[in-house]
Protein chains: 2
Amino acid sequence: MRNDDRFDQTDARLLLALAAQPRATAVALAEETGLSRNTVQSRLLRLEQPGVLDTFEQRIPPRALGYPLTALVTMVVTQQRLDEVADALAGVPEVLQVHGISGQPDLFVHVVAEDADDLYRIAGQMLAIPGVERTNTALVMRELVSYRIRPLLEKRVLPPASR
Amino acid sequence: MRNDDRFDQTDARLLLALAAQPRATAVALAEETGLSRNTVQSRLLRLEQPGVLDTFEQRIPPRALGYPLTALVTMVVTQQRLDEVADALAGVPEVLQVHGISGQPDLFVHVVAEDADDLYRIAGQMLAIPGVERTNTALVMRELVSYRIRPLLEKRVLPPASR
DNA sequence: ATCCAATTATGCGATCTGCTCAACTCGAAG
DNA sequence: CTTCGAGTTGAGCAGATCGCATAATTGGAT
């Protein structure tokens, strides 16, 4: 049984081309990558299969939807109720992502808000969830390094010597 | 002067359709949204302009590149050296994103690693950066709520009463 | 009532897609 | 070394889509 959910070098090259022009046609991607159109097409088909690439939603900036504020909230939770709390958090639209982490804060919550008042309201909503013992909110002032994964991608494409 | 970098309801509907089928043709999107093909095309053109949508890289899961471990690292930094530290962090491929935040930890760093040893190595690299005073690493055990922005999108599409 | 920007409708040739088939490459197994 | 098979390539074809233009329509602001 092969490991199908892992990108090989061909995938990586294709993804780099897609990163440059996300809506490029298969023909254009074939030229860009040096692969044949057939290969590009069959690879694309697999990539857009559910569970392979992350969702398109990742590309939608909250700022452009009217949510310029981002906050990172850590939470200490009554451990037995962790799943309950997660469900309750999922009910809050402004909660974009929740991570369960090791160590003292149990949860890590990514939140957006329209303004300071809005954030205060959302923080209140989160504190009111049964099982939440303590929270700490940090406002994001600046994105010093924007999300990027290209360095890792290129690492997979370039090195012909290592493997 | 209009506010061009903000999505209206039409954009939101288009984005929802794209979320369902990221590589759908303009014709298909027109049908799905009830808009004309021309509108879809001109909107798409604007959306793929640099600086409007986030990069395609957001959709590439690090796990599929061989980085199954995710860690969230908080940092206390000599404040005058904040930009220096950010630059140094940008030089580490496994650093996917860095946020400057308000409060005691100054930086928030999103890191991936191949395994525990790899993470240890990367953590060492980060600690060695001049200006870094203290770090705290938390391992991500589970993604309790996967990144999603659809709730906010739908909020913009549905409510004809509120505005 | 008038104006203006955005959307829609329609049409055109060039391009691309979805699909198929045969030939080729190359590493693994026998 | 030979055989096998998966992945890739090249070629071809009908039909769909794209990119672009032009004119009509809509709906909100002046």
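Letters go in sequence order (proteins before strands), and every chain restarts at 1.
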Check your understanding: Do A:Ser146 and B:Gln97 get their side chains close enough for a donor-acceptor pair, meaning under 3.5 Å?
Key ->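 Side-chain D/A pair, A:Ser146 to B:Gln97: absent.
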Nearest-angstrom distance from the residue atom [atom1] of [X] to [atom2] of [N]:
X       : N      : atom1 : atom2 : answer
A:Asn38 : C:dT25 : CG    : C1'   : 15 Å
A:Arg43 : D:dA6  : CZ    : P     : 15 Å
A:Leu14 : D:dT8  : CG    : C1'   : 14 Å
A:Leu29 : C:dT17 : CG    : P     : 9 Å
B:Arg23 : C:dT17 : CZ    : P     : 8 Å
A:Leu45 : C:dC16 : CG    : P     : 19 Å
A:Glu31 : D:dG10 : CD    : P     : 13 Å
B:Arg37 : C:dA6  : CZ    : C1'   : 17 Å

State plainly whether the residues [X] and [Y] are in salt-bridge range, i.e. N to O under 4.0 Å.
X       : Y        : result
A:Asp83 : B:Arg142 : yes
A:Glu94 : B:Lys155 : yes
B:Asp11 : B:Arg156 : no

Point to revise | More than 12 heavy atoms of other groups within 6.0 Å of B:Gln21 CD | key: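 For B:Gln21, atom CD is not crowded (no more than 12 foreign heavy atoms under 6.0 Å).
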Exercise for review: Can you run down the ring pair (Phe, Tyr, Trp, His ring centres under 6.0 Å) pairs that involve residues 85-108 of chain A, sequence neighbours left out, and say none if there aren't any?
Suggested key: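 For residues 85-108 of chain A, and leaving out neighbouring residues, the ring pair (Phe, Tyr, Trp, His ring centres under 6.0 Å) pairs sorted by first residue read A:Phe108-B:Phe108.
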Review point. Out of curiosity, does A:Leu127 fall in the hydrophobic cluster containing A:Val92 (side-chain heavy atoms, cut-off under 4.5 Å, transitive links)?
Key: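 Yes, one cluster joins them.
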Taking the side chain of [X] as heavy atoms from C-beta outward, which of [options] is closest to it?
X       : options                : answer
B:Val27 : D:dG7, D:dT17, C:dT8   : D:dT17
B:Thr25 : C:dT17, D:dA11, D:dC18 : D:dC18
A:Gln41 : C:dT20, C:dT17, D:dA21 : C:dT17

Exercise for review: Kindly say if B:Thr39 contacts the phosphate of C:dT8, meaning a side-chain N or O under 4.0 Å from OP1 or OP2.
Suggested key: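 Indeed, a polar side-chain atom of B:Thr39 lies that close.
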**Study point:** Overall bend - the helix from C:dA1-D:dT30 to C:dG30-D:dC1, comparing terminal axes fitted on five pairs, nearest 10 degrees
**Key:**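 Angle reported: 50°, given to the nearest ten degrees.
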